[in-house]
Trainee: 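The following block contains the structure, expressed as structure tokens.
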Amino acid sequence: MSDHAVDAAPDGAALMVKAESVHKSFGRVEVLKGIDLEVRPGEVMCVIGPSGSGKSTFLRCINHLEKIDAGRLWVNGHLMGYRQKGDKLYELRDKEVSAQRREIGMVFQRFNLFPHKTAMENVCEAPLRVRRLGRAKAREQAAALLERVGLADKMDTYPAQLSGGQQQRVAIARALAMEPRLMLFDEPTSALDPELVGEVLEVMKQLAVDGMTMIVVTHEIGFAREVGDSLVFMDGGVVVEKGAPREVLANPRHARTQDFLSKVL
């Protein structure tokens, strides 16, 4: 990784995320083959595409859960996971990467809640340990967030006693507890029973209304059409097509996009 750039993204102040020629391989398999994308503050970008197209890997690269092999990724104007001196990149220490990650909330396909902690305790955990909030303040904030996701009556309930949709809403509240500037959603509804999908999408719609910057990897085409500001179709580790959701869905330009949409619409 030795191409030239500086720590601050070019015109990066105006962007929440800037990806420049991002490459990622696992062994000999090249999963991302040069991704260029820009996400503005307050934008909801939805990413669709077949399994294995690199969508989830790209999301994990944004918060440096996966280290990129080439290219650059900036979040909120800062180079993610690296410091630049001259034309060389130096990887940041774990502690510095953790500090960068605080600005980024992530919601996974599987809810990853602590099974031995109540909804309230799950949401309090990171603010107590990472943000060093006082217990009373952390509980007050957690209560407000659980109310925001429609779970005010489930604060003392353990994950095993919650439906999948409720667990995912706790996971969203937990991510919001770190007061992120950016939220990443990795197929947040794909593990849910169909009748529980709507309650999670409703919470995400409200986040969009509230101005949260979001990148959503999803199969929910209706959500992308209704809530997304931009729609990205990925396949084979590249961005095949990008544009306004209604435009891409109604008039896809590329044969590959047309083929994919003919199967899912």
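Side-chain atoms are counted along with the backbone in the values below, which use heavy atoms only and exclude waters and symmetry mates.
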Trainee: Report yes if some heavy atom in the side chain of Q168 is under 4.5 Å from a heavy atom in the side chain of V107; otherwise report no.
Mentor: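 Side-chain contact under 4.5 Å: yes.
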Trainee: Would F260 end up clustered with F223 when hydrophobic side chains under 4.5 Å apart are linked, directly or stepwise?
Mentor: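 Different clusters: F260 never reaches F223 through Ile, Leu, Val, Met, Phe, Trp or Tyr contacts under 4.5 Å.
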Trainee: Kindly give the heavy-atom pair with the smallest separation between N112 and R174, and that separation in Å.
Mentor: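 Shortest heavy-atom separation between N112 and R174 comes out as O-NH1, 2.8 Å.
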Trainee: Would you say I35 and I62 are hydrophobically clustered, going by side-chain heavy atoms of ILVMFWY under 4.5 Å?
Mentor: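 Yes, because I35 and I62 connect within a single hydrophobic cluster, where side-chain heavy atoms sit under 4.5 Å apart.
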Trainee: Suppose we screen for salt bridge (Lys or Arg N to Asp or Glu O under 4.0 Å). Which residues come up paired with K67, at least two apart in sequence or across chains?
Mentor: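 Residues passing salt bridge (Lys or Arg N to Asp or Glu O under 4.0 Å) with K67: E91.
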Trainee: Can you tell if the side chain of K18 reaches within under 4.5 Å of the side chain of L73, non-hydrogen atoms only?
Mentor: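 The answer is no, as the side chains (C-beta and beyond) never meet within the 4.5 Å cut-off.
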Trainee: Do the side chain of Q258 and the main chain of P252 share a donor and acceptor less than 3.5 angstrom apart?
Mentor: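 Yes: the side chain of Q258 pairs with the backbone of P252.
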Trainee: Where the side chain of R101 meets the backbone of H64, is there a donor-acceptor pair that is under 3.5 Å apart?
Mentor: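 Answer holds: yes.
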Trainee: Over all heavy atoms of both residues, which pair between H219 and S190 is shortest? Give the atoms and the distance, please.
Mentor: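 Scanning both residues, the minimum pair turns out to be CD2-CB, 4.4 Å.
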Trainee: How long is the gap from CZ on R129 to SG on C124, to the nearest 0.5 Å?
Mentor: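 These two atoms lie 12.0 Å from each other.
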Trainee: Quick one: do M45 and V17 satisfy side-chain contact (heavy atoms from CB on, under 4.5 Å)? Show the steps, please.
Mentor: CA-CA 11 Å; M45 176 182 280; V17 178; over 6 Å; no
Trainee: May I ask whether M212 and I215 are part of the same hydrophobic cluster, defined by side-chain heavy atoms of I, L, V, M, F, W, Y residues being less than 4.5 angstrom apart, directly or through others?
Mentor: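 As far as the 4.5 Å side-chain criterion goes, I215 and M212 are not connected within one cluster.
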Trainee: By the ring pair (Phe, Tyr, Trp, His ring centres under 6.0 Å) test, which pairs, at least two apart or in different chains, include something from residues 32-51?
Mentor: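 Checked against ring pair (Phe, Tyr, Trp, His ring centres under 6.0 Å) - neighbours excluded - no pair reaches residues 32-51.
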Trainee: Between E66 and R60, does any NZ, NE, NH1 or NH2 come within less than 4.0 Å of an OD or OE carboxylate oxygen?
Mentor: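 Salt bridge between R60 and E66, a charged N being under 4.0 Å from a carboxylate O: yes.
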Trainee: Please round to the nearest 0.5 Å and tell me the distance separating atom CD of E220 and atom CG of L201.
Mentor: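 With rounding to 0.5 Å, CD (E220) is 5.0 Å from CG (L201).
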Trainee: Measure the spacing between CG of L113 and CD of Q167 and express it to the nearest 0.5 Å.
Mentor: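 With rounding to 0.5 Å, CG (L113) is 5.5 Å from CD (Q167).
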Trainee: State yes or no: do L162 and V123 share one hydrophobic cluster built from I, L, V, M, F, W and Y residues joined by side-chain heavy-atom distances below 4.5 Å, directly or via other members?
Mentor: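 Same cluster.
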Trainee: If I compare all heavy atoms of P180 with all of G105, which pair ends up nearest, and what's the gap?
Mentor: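 Between these two residues, the closest heavy atoms are CB-N, 3.4 Å.
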Trainee: Start with the C-alpha gap between I172 and M204, add the side-chain angles, then the distance that decides, and say whether side-chain contact (heavy atoms from CB on, under 4.5 Å) holds.
Mentor: CA-CA 9 Å; I172 293 172; M204 293 169 63; 4.2 Å; yes
Trainee: Tell me, please, which residues at least two apart from H23 pass ring-ring contact (aromatic ring centres under 6.0 Å, His included).
Mentor: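 Applying ring-ring contact (aromatic ring centres under 6.0 Å, His included) to H23 gives none.
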Trainee: Only pairs under 3.5 Å count here: list side-chain donor-acceptor contacts from residues 227-244, not counting sequence neighbours, and write none if there are none.
Mentor:
unit_1	atom_1	unit_2	atom_2	d
D229	OD2	V44	N	2.7
S230	OG	E43	OE2	2.6
D235	OD2	R256	NE	2.4
E241	OE1	R253	N	3.3
E241	OE1	H254	N	3.0
E241	OE1	T257	OG1	2.8
E241	OE2	R253	N	2.7

Trainee: Within this structure, what is the CZ-SG distance for the pair F185 and C46, rounded to the nearest 0.5 Å?
Mentor: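 If we round to the nearest 0.5 Å, F185:CZ and C46:SG are 10.5 Å apart.
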Trainee: Is there side-chain contact between V200 and L196, with heavy atoms separated by less than 4.5 Å?
Mentor: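 The answer is no; the side chains never approach within 4.5 Å.
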Trainee: Given side chains that start at C-beta, do those of E20 and D36 come closer than 4.5 Å, heavy atoms only?
Mentor: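 Yes, their side chains come closer than 4.5 Å.
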Trainee: Do you know the tightest heavy-atom contact between N122 and F114?
Mentor: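 Closest heavy-atom pair between N122 and F114: OD1-N, 2.8 Å.
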Trainee: Ignoring hydrogens and angles, write down the donor-acceptor pairs under 3.5 Å from the side chains of residues 134-156, residues two or more places apart or on other chains.
Mentor:
unit_1	atom_1	unit_2	atom_2	d
Q141	NE2	A177	O	3.3
Q141	NE2	E179	OE2	3.4
R148	NH2	D210	OD2	3.1

Trainee: Would you say the side chain of Q166 lies within less than 4.5 Å of the side chain of T157, judging by non-hydrogen atoms?
Mentor: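 The answer is no, as the side chains (C-beta and beyond) never meet within the 4.5 Å cut-off.
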Trainee: How close do A126 and M178 get, counting heavy atoms only, and between which atoms?
Mentor: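 Between these two residues, the closest heavy atoms are CB-SD, 3.6 Å.
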Trainee: Could you tell me whether a side-chain N or O of D186 sits under 3.5 Å from a main-chain N or O of S56, the two making a donor and an acceptor?
Mentor: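 No, the answer is negative, given that no donor and acceptor are paired below the 3.5 Å cut-off.
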Trainee: Ion pair present between E199 and R169, side-chain N to carboxylate O less than 4.0 angstrom?
Mentor: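 Counted as a salt bridge, because a side-chain N and a carboxylate O are separated by less than 4.0 Å.
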Trainee: Quick check: does any side chain N or O of N76 sit under 3.5 Å from a backbone N or O of M16, one acting as donor and the other as acceptor?
Mentor: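 Not at all, since once roles are kept as given, no pair shorter than 3.5 Å links the two residues.
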Trainee: Looking at L79, is its backbone amide N or carbonyl O close enough to the side chain of Q100 to form a donor-acceptor pair, meaning the two atoms are under 3.5 Å apart?
Mentor: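 A pair under 3.5 Å: yes.
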Trainee: Between CG of L261 and CD1 of I48, what distance do you get to the nearest 0.5 Å?
Mentor: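 Going from the CG atom of L261 to the CD1 atom of I48 covers 5.0 Å.
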Trainee: Would you please name every residue forming a salt bridge (Lys or Arg N to Asp or Glu O under 4.0 Å) with E202, sequence neighbours left out?
Mentor: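 Partners of E202 by the salt bridge (Lys or Arg N to Asp or Glu O under 4.0 Å) criterion, ordered by chain and then number, come out as K205.
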Trainee: Using a 3.5 Å distance criterion without hydrogens, assess whether the side chain of K55 forms a donor-acceptor pair with backbone atoms of P50.
Mentor: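 A pair under 3.5 Å: yes.
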Trainee: Please tell me whether F111 and M106 are part of a single hydrophobic cluster in this structure, the criterion being side-chain heavy atoms less than 4.5 Å apart.
Mentor: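 Unlinked, F111 and M106 end up in two clusters.
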Trainee: Between F26 and K24, is there a cation-pi geometry (under 6.0 Å to ring centre, at most 45° from the normal)?
Mentor: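 Yes, K24 lies over the aromatic ring of F26.
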Trainee: What's the shortest heavy-atom distance between C61 and L32, and which atoms?
Mentor: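 In this case the closest contact between C61 and L32 is SG-CD1, 4.0 Å.
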Trainee: Any donor and acceptor pair, going by atom type alone, linking the side chain of R131 with main-chain N or O of L128 inside 3.5 Å?
Mentor: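 Side chain of R131 to backbone of L128, a donor-acceptor pair under 3.5 Å: no, none is there.
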Trainee: Look up atom CZ in R225 and atom CD1 in I221, then write down how far apart they are to the nearest 0.5 Å.
Mentor: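 That separation rounds to 7.5 Å.
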Trainee: Taking V217 as the fixed residue, which of T57, L59, L184 is the one that meets the side-chain contact (heavy atoms from CB on, under 4.5 Å) rule?
Mentor: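 It is L59, the one option of T57, L59, L184 that forms the side-chain contact (heavy atoms from CB on, under 4.5 Å) with V217.
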